[in-house]
Amino acid sequence: MGNMVKLIVDGTELEVEEGTVLLDACLDHGIYIPHLCHLKGMEQPPASCRLCFVSIEGIAHPVPSCTLTVREGMVVQTDTNAVRGLQISALRLLLSVHDVDCAHCPANKKCALQKIAKFLHIGLKAKGLEIYLKEPRVVQDHPLIDYYPNRCVLCGRCIRVCRAQNGLPLMSFAKRGFDTVISFYGAASTLGCKTCFACLKICPVGAITLKTPNS
Amino acid sequence: MKNNPVPEIEAILQDVTARLKDFRKEKCCLIPILQMIQHRHAHLPHETIKLVADHLGIAPCEVYGVATFYNQFRFHPPGKHPIKVCLGTACHVRGGSIILENFERKLRIKDGETTPDKEFSIERVACVGCCALAPVTVLDDQVHGHMAPSKVEGLILGFEIEKQKQEREKAKDDF
């Protein structure tokens with residue numbers, strides 16, 4: 001066991017091991033911070049979901065808590081107005097490119113977006129933003145898996161677990177900007193998915209589903 | 001001379017395999033390699049993606065990810081008559097996307113694709129430098145300003161008539 005450091009989160013003193021990522025420290029102690037792209041033990045956090053912001057004493061602007069490690073004497077606030085404002089904006093931006101059709105989504109009731117929206121007390125609507133949905137609605141290139149671009153939040157967790165499982169990832173981001181998707185390019189013919197379904201299990205929403213015989 | 005598609009792709013693969021030896025097996029060489037292939041063969045055939053991935057020891061989907069990120073790379077060979085539809089700011093404001101849509105519908109291909117007869121390909125570009133003529137389309141290096149849906153029909157029809165004329169003359173010559 002390494003050295004322990006003490007920090008204060010929302011007025012509660014936590015004692016955690018040195019080098020722990022701040023987001024992990026909070027989550028382990030039952031302090032929930034919304035997050036989508038974080039995976040425990042990542043060397044370089046992508047910090048791409050822009051949800052896990054916290055305010056830290058001595059730092060002017062909120063910072064993503066997945067990018068920080070704990071420090072002795074750190075004073076952290078997880079629910080300031082600035083933090084909540086950023087989180088609500090980030091979630092609404094995600095919802096503006098999301099096909100909100102929970103009734104027909106396999107992730108309904110266990111979806112990270114639903115959980116975060118509930119936590120932030122906002123509806124599943126991209127208030128004030130234009131809705132942009134991609135075509136096609138379903139990509140069926142993979143022999144075993146269907147991919148729903150308009151459910152995907154592009155957190156990239158599937159790509160990282162796939163790389164961890166297979167050495168070389170069988171999936172990757174493709175295209176750019178609003179058109180960005182996860183692509184299984186070449187997985188069908190050349191490499192062959194080892195059917196570990198790690199991507200399917202790690203998906204925080206219902207973007208990756210098992211092919212059903214009639215799909 | 002008739003082009004048989006299978007030997008053509010084999011020739012490309014042979015050429016690419018030979019050229020790959022000039023590149024180090026490092027990730028930083030990925031874009032230069034893709035540029036080399038596109039420079040020599042005018043597009044990135046899907047068959048070459050795996051060759052490149054194997055050379056660099058990365059996954060084909062990663063090569064594909066990079067190639068689709070940049071506008072300069074294309075997966076379809078350009079047609080005999082490349083159509084470049086400008087969607088720069090001025091052309092965008094003057095309805096450039098409607099012109100693009102018209103070409104797409106007329107030729108039944110999407111932006112970045114080539115017609116099955118390899119006659120036409122559609123490409124979107126950002127500003128060709130004559131914004132006063134917006135919306136602009138460049139067809140065979142000839143600039144067509146003040147584009148309108150009716151002009152789209154006319155341009156394609158013109159090519160078709162020209163082609164038929166040539167075919168008729170050729171038939172006459174053969175006779």
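Here is the naming used below: chain letters follow the sequence lines, and residue numbers restart at 1 for every chain. Heavy-atom basis, side chains included; hydrogens, waters and symmetry copies ignored.
Around atom CZ of B:R24, no more than 12 heavy atoms belonging to other residues, nucleotides or ligands sit under 6.0 Å away. By the neighbour-count criterion of 12 heavy atoms within 6.0 Å, atom CD of A:E135 is densely surrounded, having more than that number from other residues, nucleotides or ligands. Within a 6.0 Å sphere centred on CZ of A:R176, heavy atoms belonging to other residues, nucleotides or ligands number more than 12. Within 6.0 Å of CG on B:D173 lie more than 12 heavy atoms contributed by other residues, nucleotides or ligands. A 6.0 Å sphere centred on CD1 of B:I98 holds no more than 12 heavy atoms belonging to other residues, nucleotides or ligands.
For residues 99-112 of chain A, no residue pair satisfies the salt bridge (Lys or Arg N to Asp or Glu O under 4.0 Å) rule, not counting sequence neighbours.
Residues from residues 68-75 of chain B that place a non-hydrogen atom less than 4.5 Å from a non-hydrogen atom of chain A comprise B:T68, B:F69, B:N71, given in numerical order. Residues of residues 126-162 of chain B having a heavy atom under 4.5 Å from any heavy atom of chain A: none.
Of all the heavy atoms in B:G65 and A:S172, the pair that sits closest is CA-OG, 4.2 Å. Across all non-hydrogen atoms, the minimal contact from B:A59 to A:P169 is CB-O, 3.0 Å. Shown here for B:C61 and A:S183, the closest heavy-atom pair between the two residues is CB-O, 4.2 Å. Scanning all heavy atoms of the two residues, the minimum distance from B:P60 to A:Y185 falls at O-CD2, 3.9 Å.
Across A:A174, A:G177, A:G167, the residue that shares the most heavy-atom pairs under 4.5 angstrom with chain B is A:A174.
A search for salt bridge (Lys or Arg N to Asp or Glu O under 4.0 Å) contacts involving B:R124 returns B:D111, not counting sequence neighbours.
Here B:E62 pairs with A:R163 in a salt bridge; the nearest charged N to carboxylate O distance falls below 4.0 Å.
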